[in-house]
Amino acid sequence: MAGKYQAPRGTFDVLPAPYAKEPVFEAHRWHAAESSYRKVAGLFGYQEVRTPIFEDIELFLRSSGETSDVVSKEMYDFKDKGDRHVALRPEGTAPAMRAYIDSSMGGQGVVSRLCYFGPVFRYNRPQKGRYRQFHQAGYELIGSPSPLADAEIITATVRYFKEIGLDNLVVKVNSIGRAETRGAYELAILSHVDKWLDGQDEEQQAKARKNPLRLLDTKDPDLRAELDGLPSILGFLGDDSKANFAALQEHLAESGVAYEVDDSIVRGLDYYTDTVFEVVSTEYGALCGGGRYDGLVEQLGGPSTPSVGVGIGVERALLVADMAGKAPRAEAPSRWYVVAATESARAAARTLAIELRSMGVGCTLDLDGRSVKAQFKQADRNGASMTAVLGDDELANETVSVKDLVTGEQKTLPRHVFLRIADD
RNA sequence: GCGGGAGUAGCUCAGUGGUUAGAGCGCCUGACUGUGACUCAGGAGGCCGCGGGUUCAAGUCCCGUUUUCCGCCCCA
């Protein structure tokens with residue numbers, strides 16, 4: 001029966017596998033998601049930053065763009081007791097960059113590789129694969145303008161997906177150029193859809209005027225048809241952008257990354273320049289989003305610093321991995337369960353448990369004076385693969401009876417021999 | 001933020017307005033007083049999401065609310 005209180009709307013509890021409401025909320029899957037994140041960080045040399053989950057709201061208004069939906073209508077913001085206007089972070093890049101600048105990690109032409117893993121918040125309507133508190137694993141490469149940097153981030157992203165069992169994903173890449181050249185393309189879009197736009201409501205028109213690029217990734221079939229014949233943004237890029245995009249593709253091919261160019265990828269945050277990319281699933285939309293943001297550090301008050309990064313949606317990645325039948329093995333809390341077969345052996349069972357743990361061997365035992373049968377049942381349910389049984393006979397002979405719960409085999413060993421083999 | 005479906009035992013779900021709300025699985029106890037996973041017997045467990053209303057009578061009909069799922073907006 002559900003209790004009086006439950007996890008707030010759009011949030012969930014991560015629990016031991018038997019109790020989790022959905023496979024994706026199973027604790028061992030999160031352990032795998034986190035260790036994969038760390039493994040990829042190690043493989044590429046990224047170091048972790050952990051930033052607060054809330055920040056001055058200005059940080060997000062400045063970086064993501066005030067007109068983006070993420071900040072204009074999906075932010076969890078509030079005034080604290082000191083009347084500071086703060087917001088639960090809606091994404092991971094801006095805080096990481098804020099920390100980077102705040103701690104003067106840049107300078108002297110250093111290239112910084114930073115990564116993070118943690119909850120982010122967006123106030124929108126929850127659905128499967130869409131939560132108000134969800135998690136992002138992110139990698140940020142700060143200080144290099146080279147397309148090799150873009151390729152490295154994408155390669156790391158693909159490796160992350162591979163680590164959690166998703167190895168057939170295709171990355172969609174695009175280049176949206178620089179602010180200087182984007183204006184011409186935005187005009188081209190607007191004049192192309194001019195007539196269609198006249199028939200739209202106020203909200204749609206305002207949106208289109210503020211960020212015409214956002215029209216490109218629409219799902220509306222009418223608009224889709226209307227966009228037919230619109231020249232690609234790739235033809236509007238400046239020479240540098242063109243060269244970088246071509247180089248990026250070469251580097252991706254060189255790294256064996258499966259990718260395709262999709263000029264409808266535009267991303268929802270305003271800070272991107274040149275490279276943008278994502279991996280999408282048919283069921284849950286984007287699994288990650290990333291790209292280059294050469295203006296961001298400067299925008300946040302740091303020195304002009306070219307950067308590129310990615311945010312990976314952990315829930316969606318796990319959801320898709322689960323659908324693909326890729327699940328990490330559930331972990332047993334401990335391998336051994338110490339059973340007291342007689343009342344007089346309970347103290348000895350406790351002593352044995354203490355000894356095992358001091359050797360670094362995990363074990364569990366009954367605390368409530370339950371029957372032998374119940375203890376074995378607990379051992380089974382606990383996921384223990386072995387039981388160490390102590391009763392009057394074992395005490396008298398200084399032995400331990402070892403039962404393998406998988407094969408059902410049982411044998412009695414001298415106590416000192418048991419202690420030697422217990423951590424095998 | 002807009003539209004629709006659903007919420008009954010720990011879980012998956014039955015349940016024409018009419019006794020004391022059921023099944024399967026799980027759980028507990030016993031058969032087996034020193035042995036789990038199989039079998040058999042017994043048992044515990046429910047404010048039918050929450051709050052109102054209609055009715056002689058509501059799990060069932062109506063309204064509100066909340067959570068969840070689906071679509072839209074948007075996104076990871």
Side-chain angles (χ1 to χ4, degrees), chain A residues 1-12 15 18-22 24 64 67-75 89-93 119-138 157 201 203-204 207 211 214 217-220 266-269 278-281 283-290 310-320 337 339-346 349 366 370-395 401-410 412:
Chain A
M1 191 59 208
K4 188 173 177 185
Y5 300 106
Q6 46 193 140
R9 176 165 220 200
T11 70
F12 55 88
L15 298 170
Y19 307 102
K21 287 205 178 80
E22 292 181 28
V24 168
S64 305
T67 61
S68 75
D69 283 355
V70 168
V71 310
S72 65
K73 50 186 237 194
E74 295 182 352
M75 201 121 71
R89 60 184 181 205
E91 55 109 20
T93 295
V120 295
F121 305 82
R122 290 184 200 173
Y123 192 91
N124 56 19
R125 190 100 174 201
Q127 250 174 61
K128 201 174 193 71
R130 193 172 67 193
Y131 303 94
R132 287 184 172 177
Q133 173 176 338
F134 62 102
H135 296 74
Q136 286 189 342
T157 301
D201 60 28
E203 191 188 340
Q204 188 72 254
K207 216 171 67 183
N211 194 346
R214 300 312 315 281
D217 61 3
T218 184
K219 277 186 268 181
D220 177 7
V266 293
R267 308 295 312 145
L269 305 174
E278 45 186 55
V279 169
V280 298
S281 80
E283 293 81 6
Y284 303 115
L287 303 185
C288 71
V310 63
I312 299 166
V314 179
E315 284 79 0
R316 287 185 183 180
L318 290 179
L319 226 29
V320 172
Y337 196 101
V339 172
T342 57
E343 283 311 310
S344 48
R346 289 192 190 274
D366 170 56
R370 291 153 85 101
S371 71
V372 179
K373 188 190 183 100
Q375 290 180 63
F376 268 91
K377 223 166 190 175
Q378 285 294 330
D380 199 37
R381 200 172 311 148
N382 215 29
S385 52
M386 303 292 285
T387 50
V389 184
L390 282 182
D392 293 344
D393 295 347
E394 287 82 357
L395 289 187
S401 293
V402 173
K403 180 167 185 179
D404 185 322
L405 290 179
V406 180
T407 65
E409 276 176 59
Q410 177 165 334
T412 300

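Values below: all heavy atoms of this structure, side chains included; hydrogens, waters and symmetry mates excluded. Note on naming: letters A, B, ... go to the chains in the order of the sequence lines (proteins, then strands), and numbering restarts at 1 for each one.
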Wobble G-U and Watson-Crick pairs count when both distances are under 3.5 Å; given that, what is the 5' to 3' dot-bracket string of RNA chain B, with | for pairing to other strands? (((((((..((((....[...)))).(((((.......))))).....(((((..]....))))))))))))....

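- Judged by atom type and distance alone, A/Q6 does not reach the base of B/rG49 through any side-chain donor-acceptor pair under 3.5 Å.
- Residue pairs meeting the salt bridge (charged side-chain N to carboxylate O under 4.0 Å, His left out) criterion with at least one member in residues 123-136 of chain A, sequence neighbours excluded: A/E22-A/K128.
- With sequence neighbours excluded, the residues forming a ring pair (Phe, Tyr, Trp, His ring centres under 6.0 Å) with A/F12 are A/F25, A/Y131, listed by chain and number.
- Heavy atoms of A/E394 sit under 4.0 angstrom from at least one base atom.
- Qualifying side-chain hydrogen bond (donor to acceptor under 3.5 Å, both in side chains) partners for A/R89, counting only residues two or more places apart in sequence or in other chains: A/T51.
- Residue A/Y337 contributes atom OH, which lies 14 Å from atom P of B/rG36 at whole-angstrom precision.
- Residues forming a ring pair (Phe, Tyr, Trp, His ring centres under 6.0 Å) with A/Y123 (at least two apart in sequence, or on another chain): A/Y76.
- Residue A/V314 is classed as having no contact, given no heavy-atom separation below 4.0 Å to the nucleic acid.
- The same atom, P, is picked in B/rC62 and in B/rU20; the two are 24 Å apart, to the nearest Å.
- A search for side-chain hydrogen bond (donor to acceptor under 3.5 Å, both in side chains) contacts involving A/S281 returns nothing, not counting sequence neighbours.
- To the nearest whole angstrom, the two P atoms, one in B/rU60 and one in B/rC50, are 11 Å apart.
- Checked against side-chain hydrogen bond (donor to acceptor under 3.5 Å, both in side chains), A/S385 has no partners two or more places apart in sequence or in another chain.
- You won't find any donor-acceptor pair under 3.5 Å spanning the side chain of A/Q375 and the base of B/rU35, going by distance alone.
- For the pair A/Y284/A/Q127, no side-chain contact is recorded, criterion being any heavy-atom separation below 4.5 Å from C-beta on.
- B/rC11 sits 28 Å from B/rU16 when the C1' atoms are compared, rounded to a whole Å.
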Sugar-phosphate or base contact per nucleotide [nucleotides 37-43 of chain B; S, B, -; heavy atom under 4.0 Å]: S------

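- Taking the C1' atoms as reference points, B/rC40 lies 49 Å from B/rG4, given to the whole Å.
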Could you pull out all donor-acceptor pairs under 3.5 Å where a side-chain atom in residues 375-383 of chain A meets a protein atom, sequence neighbours excluded?
residue: A/Q375; atom: OE1; partner: A/A340; partner atom: N; Å: 2.9
residue: A/Q375; atom: NE2; partner: A/A340; partner atom: O; Å: 3.0
residue: A/Q375; atom: NE2; partner: A/R370; partner atom: O; Å: 3.1
residue: A/N382; atom: ND2; partner: A/T364; partner atom: OG1; Å: 3.3

Once base and sugar-phosphate atoms are separated, protein heavy atoms under 4.0 Å mark nucleotides 68-76 of chain B, 5' to 3', with B, S and - as SSBBBBBBB

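- Judged as a side-chain hydrogen bond (donor to acceptor under 3.5 Å, both in side chains), and not counting sequence neighbours, the contacts of A/T93 are A/E140.
- If you take CZ of A/F376 and P of B/rG30, they are 16 Å apart, rounded to a whole angstrom.
- Residues passing the salt bridge (Lys or Arg N to Asp or Glu O under 4.0 Å) test with A/E343, sequence neighbours excluded: A/R346.
- Nucleotides B/rA9 and B/rA21 are separated by 14 Å at their P atoms, to the nearest Å.
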